[in-house]
Amino acid sequence: MIVAENLSKDFGAKHAVSDVSFTVRPGRVTGFLGPNGAGKSTTMRMIVGLDRPTRGTVTVAGREYRTLRSPLTEVGVLLDAKAVHTGRSARAHLRAIAATHGIPRSRVDEVVEATGIGAVAGKRAGKFSLGMGQRLGIATALLGDPHTLILDEPVNGLDPEGVLWVRNLVRRAAAEGRTVLLSSHLMSEMAMTADHIVVLGRGRVLADAPLDDLVRAWTTSTVRIRSPRLAELATALSAPGVELAATVADELQVTGRTAAEIGDLAAAHGIPLHELHTTSGSLEDAYLALTGESIEYKSKEIA
Ligand SMILES: Nc1ncnc2c1ncn2[C@@H]1O[C@H](COP(=O)(O)OP(=O)(O)O)[C@@H](O)[C@H]1O
Ligand SMILES: [Mg+2]
């Protein structure tokens with residue numbers, strides 16, 4: 001479990017992280033979202049003691065990271081895949097880190113295998129592609145078989161197969177009861193990976209909710225209905241706040257009413273329904289609605 005309380009970080013006059021409180025619980029994947037510059041990496045760096053909070057506290061498994069006696073076996077972290085000794089081979093890099101914690105060489109071979117870098121493990125890490133570098137970073141995070149995983153943009157630079165691999169890896173870790181915090185730019189990927197979402201904007205928590213709740217709260221659902229007596233149903237449905245759009249014959253798109261409300265109303269009028277189907281908004285829609293006001297560098301539309 002990761003607990004942040006009133007966590008704040010100023011860089012000079014810049015408030016990078018302001019009064020952030022959240023709890024990352026075990027047994028689920030928590031996605032960390034936010035525009036560039038929102039403070040995600042700074043928050044992650046504070047969790048593992050690489051940045052010192054200006055105010056507030058953050059603990060992992062009830063303790064400050066720097067007081068953990070064997071941090072690699074408690075927290076696995078990928079912050080910057082380029083943070084390797086460029087002249088060392090991937091395997092030598094992993095062995096050097098393992099040696100600091102008395103982790104056996106057999107474990108190095110295990111994570112090399114598990115992350116699919118076996119073929120390049122003997123090559124200099126400085127020559128790695130972005131994708132291979134990410135895999136090496138994840139291998140490093142997994143080295144101590146930690147209960148908590150913190151991964152900052154782990155799928156950056158990965159091919160689709162690699163993206164899927166990361167998704168399965170973190171889902172499995174959560175299913176094993178581990179605590180997982182990961183950030184990503186890819187909304188559709190995050191929607192498939194995370195159970196819970198924390199959204200940051202300009203250093204503040206904009207939302208902290210289960211994925212489904214977040215999407216429901218910040219997007220509009222549409223209910224598609226088909227009925228042989230559509231005109232009557234449309235009349236019965238008409239009310240302030242309800243929008244009806246005729247798409248194809250016998251079909252209506254309704255916003256402002258839930259499927260249950262529409263079904264009950266149809267039943268009350270004795271109108272048969274041939275189809276009743278809800279389409280929810282996406283995480284991306286919810287994210288854009290939430291962060292619309294807080295994007296630091298908005299792209300300008302070109303006229
Ligand atoms: N070492 C630093 N010195 C000064 N400003 C920094 C430093 N690190 C981050 N920042 C600033 O803090 C803000 C948050 O950055 P960051 O945590 O990297 O955001 P994110 O990971 O969400 O993109 C940004 O405005 C960034 O420019
Ligand atoms: Mg970042």
Side-chain angles (χ1 to χ4, degrees), residues 2-24 29-60 65-66 75-84 130-131 133-138 140-141 148-158 162-163 166 170 180-191 193-194 196-209 211 214 218 283-284 286-300:
I2 303 168
V3 181
E5 285 175 329
N6 306 112
L7 200 57
S8 306
K9 180 69 183 177
D10 298 338
F11 292 107
K14 169 89 200 170
H15 303 302
V17 175
S18 305
D19 222 15
V20 161
S21 300
F22 60 78
T23 299
V24 183
V29 176
T30 298
F32 209 15
L33 292 178
N36 288 330
K40 305 178 297 295
S41 297
T42 303
T43 300
M44 286 173 151
R45 291 173 58 82
M46 286 194 281
I47 297 171
V48 295
L50 290 170
D51 274 330
R52 182 184 284 272
T54 307
R55 290 175 303 281
T57 58
V58 61
T59 59
V60 184
Y65 182 89
R66 59 190 172 79
V75 187
V77 54
L78 166 67
L79 283 171
D80 178 1
K82 291 270 166 249
V84 294
L130 182 56
Q134 292 284 37
R135 285 174 183 264
L136 175 57
I138 293 169
T140 312
T148 300
L149 274 176
I150 299 171
L151 306 175
D152 196 5
E153 309 275 356
V155 302
N156 258 6
L158 289 183
V163 173
V166 172
V170 299
V180 183
L181 177 64
L182 99 151
S183 67
S184 172
H185 276 105
L186 302 177
M187 291 299 148
S188 54
E189 183 51 33
M190 191 62 106
T193 307
H196 194 93
I197 301 283
V198 175
V199 185
L200 280 195
R202 293 180 189 257
R204 294 184 180 276
V205 176
L206 300 180
D208 178 354
L211 175 75
L214 186 84
W218 287 88
L283 176 61
E284 185 167 40
Y287 171 84
L288 291 173
L290 252 166
T291 57
E293 295 300 309
S294 70
I295 295 178
E296 203 162 0
Y297 306 102
K298 263 200 180 122
S299 56
K300 288 210 172 66

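In each ligand, atom 1 is the first atom listed, and ligand 1 is the first ligand listed. The structure displayed is predicted, hence computed values, not measured ones. In what follows, residues are counted from 1 in the order of the sequence shown.
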So, do [X] and [Y] sit near enough that their side-chain heavy atoms are less than 4.5 Å apart?
| X | Y | result |
| --- | --- | --- |
| V205 | L200 | yes |
| L182 | M190 | yes |
| T42 | F11 | yes |

Tell me the closest heavy-atom pair linking S184 and L33, and the distance in Å. O-CD2, 3.4 Å
Is there a polar contact, in the sense of an N or O pair closer than 3.5 Å, between [X] and ligand 1?
| X | answer |
| --- | --- |
| A38 | yes |
| A16 | no |
| N36 | no |
| K40 | yes |

Would D152 and S41 satisfy side-chain hydrogen bond (donor to acceptor under 3.5 Å, both in side chains), going step by step from the backbone distance to the final call? CA-CA 7 Å; D152 196 5; S41 297; 2.5 Å; yes
Look at atom 19 (O) of ligand 1 and find which of G39, G203, S41 reaches it with the closest heavy atom. G39
Could a heavy atom of P35 be found less than 4.0 Å from some atom of ligand 1? yes
What do we get for R45 next to ligand 1 when only non-hydrogen atoms under 4.0 Å count, side chain, backbone, both or neither? neither
R55/D10 ion pair, N-O < 4.0 Å: yes
For K14, counting its heavy atoms only, list the atoms of ligand 1 lying under 4.0 Å from any of them. 25 (O)
Using a distance threshold of 2.8 Å, state whether an N, O or S atom of S41 lies below it from the Mg ion (ligand 2). yes
So, using side chain to side chain donor-acceptor pair (under 3.5 Å) as the criterion, who are the partners of R52 when residues are at least two apart? none
